[in-house]
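See below for the structure under consideration.
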Amino acid sequence: PLTAGMKRDLRKVVKESSGLWDKECSAELRSSWVKNLWMLERLKGMKYQRAKMPEDAVDGKMRMLVLVDAAKMLIVTGVWVGFKLKSGGWSCSYLIGRALLTAEDSTTPKDELNGLTCGGNMCFIVREALENWVEDYAICGDSTIALHWVKSDKLKLSLFHRNRVVQIRRTVDLDKMFHVITSENLADLPTRPDRVGIEDADPLSAWHTGLNWMKGDLSDAVANGILTPLKELSMSDELKKEFDEGLVFEKSKDILTKGHTALIQNRIDLV
């Protein structure tokens, strides 16, 4: 959760330097990096416990939870795994995660869709690598708009949206996709670097051991309103307007691009 914000700050350094590596960065950015480097210094000597099957596991069937989020030029996806316990509930351990930078001219809904695509890809890779372990899985994101793009069967999507939706559907069973409320989405933490502290890297932190709902049955999380199955997800009129406007913009851009390409081709033919 700490390195995600550092990637964003590093992009700012490169952008400010404009190819001149001996150029001084701004006082504000320098202050951010003093904070980053001091945080890394404080992390020295910290040890972590790798994800493992607990001794009181009912069996060797693993459940995998993939959480994704995007905000402020960042996409974060993480995988948490657990086993059914004899004492009740599930164990939960952080297995792997990635933080990626987004295009600066992108929109949050598009970044969220990219995040779901990354989450689907990571889910597929981990399932392939641990094929004899993973019995069940779920992919959770907090973007209603992006999930509706994935959910739609009849809507004529733009090229950008369609390519990513197709990729998600290739790697993920739609019945395994859920909307998670933002306050219960662990992947939301690294996308807000200003709120991340040294305690969030602790081996006993929620990032490494999961939130309460991640240690219970998914049906309980659905009943408590934390998760909503994709097929049951609805959208408010306000979000629907943003959903439609985004697609109209993308379609218009596609039309303009095709028109410009055709115009160039006509000029070439004339020559």
Side-chain angles (χ1 to χ4, degrees), residues 1-5 7-8 64-80 82 90 92 94-102 106-120 122-123 137-151 161 164-165 168 172 174 176-197 199-201 205-243 245-246:
L2 299 178
T3 57
K7 289 186 178 183
R8 188 190 63 179
M64 185 169 66
L65 301 177
V66 181
L67 304 182
V68 301
D69 192 46
K72 300 180 180 178
M73 295 193 295
L74 288 170
I75 290 175
V76 173
T77 177
V79 176
W80 286 261
W90 292 76
C92 186
Y94 172 66
L95 181 67
I96 188 174
R98 288 291 182 270
L100 306 170
L101 293 172
T102 67
S106 184
T107 63
T108 299
K110 287 171 68 176
D111 289 343
E112 294 276 12
L113 183 60
N114 267 331
L116 287 172
T117 307
C118 293
M122 180 175 284
C123 179
Y137 68 91
I139 295 188
C140 310
D142 58 12
S143 173
T144 302
I145 295 175
L147 286 168
H148 267 84
W149 281 328
V150 176
K151 177 183 178 181
H161 297 80
R164 284 152 183 80
V165 169
I168 292 170
V172 178
L174 296 190
K176 305 289 187 182
M177 296 194 73
F178 296 84
H179 176 273
V180 57
I181 59 177
T182 301
S183 60
E184 297 293 331
N185 184 6
L186 266 181
D188 179 71
L189 175 64
T191 63
R192 304 171 187 266
D194 297 338
R195 299 185 184 182
V196 178
E199 65 280 357
D200 294 309
S205 66
W207 181 263
H208 287 278
T209 62
L211 298 173
N212 288 335
W213 71 267
M214 300 167 70
K215 302 173 185 178
D217 293 334
L218 295 185
S219 58
D220 293 336
V222 172
N224 293 329
I226 296 174
L227 296 181
T228 303
L230 181 62
K231 60 183 179 181
E232 299 177 10
L233 189 63
S234 59
M235 187 162 48
S236 65
D237 292 338
E238 183 179 356
L239 287 179
K240 189 175 187 305
K241 182 179 179 181
E242 187 176 351
F243 171 88
E245 285 177 353

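- With a 4.5 Å cut-off on side-chain heavy atoms, P229 and V222 count as touching.
- Here S106 pairs with A103, K110, D111 under the side-chain contact (heavy atoms from CB on, under 4.5 Å) rule; sequence neighbours left out.
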Report task. Give the C-alpha distance, both sets of side-chain angles, the deciding distance and a yes or no for side chain to side chain contact (heavy atoms under 4.5 Å, CB included) between K151 and L174. Result -> CA-CA 8 Å; K151 177 183 178 181; L174 296 190; over 6 Å; no
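- Considering only residues two or more places apart in sequence or on other chains, K72 meets the side-chain contact (heavy atoms from CB on, under 4.5 Å) condition with R8.
- Qualifying ring-ring contact (aromatic ring centres under 6.0 Å, His included) partners for H208, counting only residues two or more places apart in sequence or in other chains: Y48, Y94.
- When every heavy atom of C140 is checked against every heavy atom of W213, the shortest pair comes out as SG-CH2, 4.3 Å.
- Listed by first then second residue, pairs satisfying side chain to side chain donor-acceptor pair (under 3.5 Å) with a partner in residues 181-192 read D69-T191, D142-T182, D142-N185, D188-R192, not counting sequence neighbours.
- To the nearest 0.5 angstrom, K7 atom NZ is 7.5 Å from R98 atom CZ.
- To the nearest 0.5 angstrom, D220 atom CG is 12.0 Å from N212 atom CG.
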**Report entry** Derivation and outcome, side chain to side chain contact (heavy atoms under 4.5 Å, CB included), residues L233 and H148
**Finding:** CA-CA 8 Å; L233 189 63; H148 267 84; 3.7 Å; yes
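- Nearest heavy-atom pair across L2 and A201 is CD1-CB, 3.7 Å.
- Between W207 and L186, the shortest heavy-atom contact is CZ3-O, 3.3 Å.
- A salt bridge (Lys or Arg N to Asp or Glu O under 4.0 Å) check over residues 208-218, counting only residues at least two apart or in different chains, returns the pairs K84-D217.
- Interatomic distance, OG of S143 versus NE2 of H179, reported as 7.0 Å (0.5 Å rounding).
- Atom CG of L147 is separated from atom CD1 of I139 by 10.0 Å, given to the nearest 0.5 angstrom.
- Atom CG of L67 is separated from atom CE of M214 by 5.0 Å, given to the nearest 0.5 angstrom.
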Query raised in the report: Between L189 and D200, is a side chain to side chain contact (heavy atoms under 4.5 Å, CB included) present by the stated rule, with each step listed?
Result: CA-CA 9 Å; L189 175 64; D200 294 309; 3.9 Å; yes
Requested in this report: Evaluate the criterion side chain to side chain contact (heavy atoms under 4.5 Å, CB included) for residue pair E112 and I145; output intermediate values, then yes/no.
Outcome: CA-CA 9 Å; E112 294 276 12; I145 295 175; over 6 Å; no
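- Under the side-chain contact (heavy atoms from CB on, under 4.5 Å) criterion, L100 pairs with I75, C118, sequence neighbours left out.
- Rounded to the nearest 0.5 angstrom, I181 CD1 and I226 CD1 are separated by 5.5 Å.
- Take V68 and apply the side-chain contact (heavy atoms from CB on, under 4.5 Å) test, not counting sequence neighbours, and it matches V66, T77, L116.
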